[in-house]
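Before any comments, here is the structure.
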Number of protein chains: 2
Amino acid sequence: MASKSKMDGSIGAKNKQKILAAAEKAFATYGFKGTSVQQIADEAELPKTNILYYFKSKQGLYVAMLQDIMSLWNSRFDQVTEEDDPAESLADYIADKMTVSRTHPQASKIFAMEVLNGAPYLNKFFSNEHVAWMEGRVAILNRWIEQGRMTPVDPLYLLFHIWACTQHYADFSAQITSLRGKTMKRADFDEATRQLVQLILSGCGLTVPEKYAEL
Amino acid sequence: MASKSKMDGSIGAKNKQKILAAAEKAFATYGFKGTSVQQIADEAELPKTNILYYFKSKQGLYVAMLQDIMSLWNSRFDQVTEEDDPAESLADYIADKMTVSRTHPQASKIFAMEVLNGAPYLNKFFSNEHVAWMEGRVAILNRWIEQGRMTPVDPLYLLFHIWACTQHYADFSAQITSLRGKTMKRADFDEATRQLVQLILSGCGLTVPEKYAEL
DNA sequence: CAATTTCCTGACCACTTAGTCACTTTTTAC
DNA sequence: GTAAAAAGTGACTAAGTGGTCAGGAAATTG
């Protein structure tokens, strides 16, 4: 939730946060082209010109908001080493990602839209930090496999599948709500997490840790 | 690929198809608001007014295209009964859905965008055919579980996870391509399918059928 | 208190957009 | 062949868009 620019002018800082929050809500609901600066202004309860004062353009605001969002992707899994336990590390990672889907569904949707449209503003990020992160995690998973601590699976696809399932609960909430006949509450997310942890870990030949076991 | 209106005027039918194909391409790339009727006209190599002649409005064209797309979701899994083999039925379903992701990525992206934005044009579909389909499939999965033919999992979440993973390969292709450094070819989809079948089936306590086993 | 920087905004503009309309051309039907 | 229906289209309109700008208010600093 932090932005790197001038935290000095406390008035400006506060307004920027208010604008970023309004932008997240609006962009998540209507997409980049579908959202007008006026809508964001209404949501933030500020005149339109004020938005353009803090962020030089609609695109500038969008990019600033995207950077904010990307920081949510950090998790305990970033620090995992090959000494850690595969089952617990993966289960925790799944749980972390499920938590983000529950607490920041709008951010997840914006990210999804961005990637759907070819990730025009994320390609730079993808080909730098993201690739490096991926290589590191894949290496650790491969070590675990070499050591016989989990079933041989392709780590790349395994991570894709974890992302797909966890983000699905944020991105496709409309479909999920329709099919369930009710929205996903905290308890439902916990149950979904248990189901997913069981599925993925069993699929990797791992035993589900105590704390993710069913009641 | 069929639309219900006048298939008589072969000129009109052909043009409608050309327009629908152009619309699918454009909407998948730029979204509903991000696509102008003029862009679709250029793509279809027809004057803009001609588009509005066949489809009374941009929204009308969009809805017609959505209906076209929904028919792609049919699969062999629709006809599965409790007498069928769980492992083979699920594996085939996963493979079918992966095939659609490979052959119709644009359709998948449009569906994803629609759901992301709250599924305004699909809510009716969701609360009718889709719910019925879901209840039927859930019932069969529960029978398989009662009969001890697969691990007890919540069928609802299992289906969510299958959709999430299979559609991910179409919807998030930009991210996948960036991280792999190359696009997914036919062989890559086949490998992803094998990986996913293994993950899901193992997660359900099922044995992977011969035809989806690794080389 | 004065000066300077930050903050704020109404009026306005250039441009794009979906959709209409009057009209012509082509195809079909008898 | 001719009438009627379908197909096709250029010119236009009304509404909404992102963004500019000139000028003023408020806060900060010395």
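Chain letters run A, B, ... following the sequence lines, proteins first and then strands; every chain starts at 1. Source: prediction; values computed, not measured.
Looking only at atom types and distance, the side chain of B/Gln59 has no donor-acceptor partner in the side chain of B/Ser57 under 3.5 Å away.
Salt-bridge check for A/Lys211 with A/Asp92: passed, with a basic side-chain N closer than 4.0 Å to an acidic carboxylate O. In this structure, A/Lys182 does not pair ionically with A/Asp188, as no charged nitrogen and carboxylate oxygen lie closer than 4.0 Å.
Atom pair B/Tyr54:OH and D/dA6:C1' shows a separation of 8 Å (rounding to whole Å applied). As a whole-Å value, the separation of B/Lys14 NZ from D/dA6 C1' is 17 Å. Taking atom NZ on A/Lys56 and atom C1' on C/dT6, their separation rounds to 14 Å, with Å as the unit. Atom NZ of A/Lys58 and atom C1' of D/dG18 are 8 Å apart (whole Å). One atom, CD1 of A/Ile19, and another, P of C/dC7, lie 11 Å apart when rounded to the nearest Å. Rounded to whole Å, atom C1' of C/dT17 lies 12 Å from atom CZ of B/Phe32. A straight line from NZ of A/Lys16 to P of C/dC8 spans 12 Å, rounded to a whole angstrom. The interatomic distance linking A/Lys18 (NZ) with C/dC7 (C1') rounds to 14 Å, in whole Å.
Between A/Asn15 and C/dT6 there is no side-chain N or O to OP1 or OP2 distance below 4.0 Å. For B/Tyr53, no side-chain nitrogen or oxygen approaches OP1 or OP2 of D/dG8 to under 4.0 Å.
In this structure, the side chains of A/Ile19 and A/Tyr54 come closer than 4.5 Å at one or more pairs of heavy atoms.
In this structure, B/Trp163 has its ring center no closer than 6.0 Å to that of A/Phe172.
Checked against ring pair (Phe, Tyr, Trp, His ring centres under 6.0 Å), B/Tyr157 has no partners two or more places apart in sequence or in another chain.
Against DNA chain D, the stretch residues 33-52 of chain B makes heavy-atom approaches under 4.0 Å through B/Pro47, B/Thr49, B/Asn50.
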